[in-house]
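Just so you know, these numbers use all the heavy atoms, side chains as well, and skip hydrogens, waters and symmetry mates. Read the numbers this way: they start at 1 and go in the same order the structure lists the ligands and their atoms.
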Amino acid sequence: MARLDVVETFHGLSFPGHLHTEDSLQQALKFSFKDSDILIVSYPKSGTTWMQEIVTLISNKGEPQMSQTLPNWARAPWLEQHYFAALLEASPCVKNRVITTHLPHHLLGPTLKDSKAKVIYVSRNPKDVVVSFYHFHNMANFLPEAGSFPEFLNRFLDGTLHYGPWFDHIKGWSSQTKNNVLHITYEEMSMDIKGAIERLSAHLQSPLLEDELNNCVKHCSFGSMKDNKMANYTLVTEEIMDHNKGSFMRKGRIGDWKNMFTTELNTYFESVFESKMEDCPLEFVWDEPQSDETNPTDVASCDKQ
Ligand code: PPS
């Protein structure tokens, strides 16, 4: 099923038809979660693959065997994609199924309402999200033409890119305060991966010994994941992702937006951001902290807890 140019419209949002069908999207909203499920939720380019790797490693006590032999989309398949049911069926994660989704809360919330599944919402500062998404559009043949960066940024701010508005996604999921939902940011993971893994292992009730924790840290580093073909998407054919136009594991940094935003674009972004986030008290980390000022636990993050 290539459908590289097909756009699937669902509840007013567009999704790449290569990965989604009307039926797969409808099935997602009818899915029956088990309390033992682990659900990774993110807007695209917010650290999804990183979280899939971390959760796999925590579940395997830091042993990289599974994350190095099974592609990320088979270990933690996307709920809304058309191959979900087949992958879940074949998944080796029998005790705790790991599922991923990019769906916004207003669509998936009702499905999850009475579930105790362990949800992990991973978010990232939206300037880095839009830059990462832009570069990804240039290599992923199942996404529309990116156009120029200013045009792309407009579409991001208007909420007309695939997967819908970032603003609705972050506000919808961040307002979920039930105990089974953990909020964590890409920036938090970048600045203190060990602390982030400790929070995650506590949330997943999967305690780690010091050596196991250190192994998780080692195997989920940007360098390890960039070399891991089960996480870096090089298994995907050139027809679908043009690896000559970029890498999925591109930079893995906080603050790369500064290489794409002009002063004018930044001013424009900030005015839209301020008005759309007026009712939302989240704070974001926009820059890589200087090494002498970092106390990761003090840094504000997109976390309401
Ligand atoms: S997707 O397509 O939605 O699944 O993309 P997603 O995985 O959410 O985001 C991809 C970006 O995450 C970066 N990444 C990492 N950064 C730091 N450390 C690790 N280990 C890591 N793994 C993935 C990846 O490089 C993309 O960000 P950019 O800014 O484009 O480099």
**Message:** Taking distance alone, with N or O pairs closer than 3.5 Å, would you say Arg250 contacts ligand 1?
**Reply:** yes
**From Tyr134 atom OH to Met139 atom CE, the distance as rounded to the nearest 0.5 Å** = 14.5 Å
**Prompt:** Among protein heavy atoms, which lies nearest atom 10 (C) of ligand 1, and at what distance?
**Reply:** Lys45 CE, 3.8 Å
**Prompt:** Taking heavy atoms and a distance under 4.0 Å, where does Cys220 meet ligand 1: side chain, backbone, both or neither?
**Reply:** backbone
**Request:** Within a distance under 4.0 Å of any heavy atom of His102, pick out the atoms of ligand 1 and give their elements.
**Result:** 3 (O)
**4.5 Å side-chain heavy-atom contact, Phe31 and Ile99** = yes
**Complete:** Counting from 1 in the order shown, the ligand 1 atoms closer than 4.0 Å to a non-hydrogen atom of Ser221 are 20 (N)
**Complete:** of all protein heavy atoms, closest to atom 24 (C) of ligand 1 is Phe248 O, 3.8 Å
**Message:** For Ile54, is there any backbone N or O sitting under 3.5 Å from a side-chain donor or acceptor partner on His219?
**Reply:** no
**Prompt:** To the nearest 0.5 Å, how far apart are CD in Gln65 and OG in Ser67?
**Reply:** 8.5 Å
**Message:** Evaluate Trp78 for polar contact with ligand 1, using N/O atom pairs at a separation under 3.5 Å.
**Reply:** no
**Request:** Check whether any side-chain N or O of Lys276 sits under 3.5 Å from a backbone N or O of Phe167 as a donor-acceptor pair, and report yes or no.
**Result:** no
**Request:** Do me a favour and list the nearest non-hydrogen protein atom to atom 11 (C) of ligand 1 with residue, atom name and distance?
**Result:** Arg124 NH1, 3.8 Å
**Complete:** Only one of Thr100, Thr49, Leu235 passes side chain to side chain contact (heavy atoms under 4.5 Å, CB included) with Asn72, and that residue is Thr49
**Pair Lys171 + Asp279, salt bridge at N-O below 4.0 Å** = yes
**Prompt:** Should the pair Glu210-Lys194 be classified as a salt bridge under the 4.0 Å nitrogen-to-oxygen rule?
**Reply:** yes
**Prompt:** So, is Gly252 polar-close to ligand 1, with some N/O to N/O distance under 3.5 Å?
**Reply:** yes
**Message:** Considering both backbone and side-chain atoms of Arg253, is one of its nitrogen or oxygen atoms within less than 3.5 Å of a nitrogen or oxygen in ligand 1?
**Reply:** no
**Fill in**
among protein heavy atoms, the one nearest atom 7 (O) of ligand 1 is Thr49 OG1, 2.5 Å
**Message:** Is there a polar contact between ligand 1 and Ser42, counting only N or O atoms under 3.5 Å apart?
**Reply:** no
**Request:** Could you find the nearest protein heavy atom to atom 17 (C) of ligand 1 and give me its residue, atom name and distance?
**Result:** Tyr186 OH, 3.3 Å
**Message:** Looking at Lys45 and Asp128, is there a salt bridge between them, counting it only when a charged N and a carboxylate O are closer than 4.0 Å?
**Reply:** no
**Asked** Taking NZ, NE, NH1 and NH2 as the nitrogens, is one of them in Glu270 or Lys127 under 4.0 Å from a carboxylate oxygen of the other?
**Response** yes
**Prompt:** Do any nitrogen or oxygen atoms of Lys251 lie less than 3.5 angstrom from nitrogen or oxygen atoms of ligand 1?
**Reply:** yes
**Complete:** In terms of its nearest heavy atom to atom 30 (O) of ligand 1, the top option of Ser46, Ser132, Ala231 is Ser132
**Message:** Would you say that Thr21 contacts Gln81 through its side chain, given a criterion of any heavy-atom pair below 4.5 Å between the two side chains?
**Reply:** no
**Prompt:** Between Pro44 and ligand 1, does any nitrogen or oxygen pair lie at a separation below 3.5 Å?
**Reply:** no
**Prompt:** Counting N and O atoms only, with roles assigned by atom type, does the side chain of Asn180 sit under 3.5 Å from a partner on the main chain of Lys118, one being a donor and the other an acceptor?
**Reply:** no
**Prompt:** Gly47 heavy atoms, cut-off 4.0 Å: which ligand 1 atoms fall inside?
**Reply:** 6 (P), 8 (O), 9 (O)
**Message:** Applying a heavy-atom cut-off of 4.0 Å, say which part of Met249 lies close to ligand 1: side chain, backbone, both or neither.
**Reply:** both
**Request:** Identify the protein heavy atom lying closest to atom 8 (O) of ligand 1, giving its residue, its atom name and the separation to 0.1 Å.
**Result:** Thr48 OG1, 2.5 Å
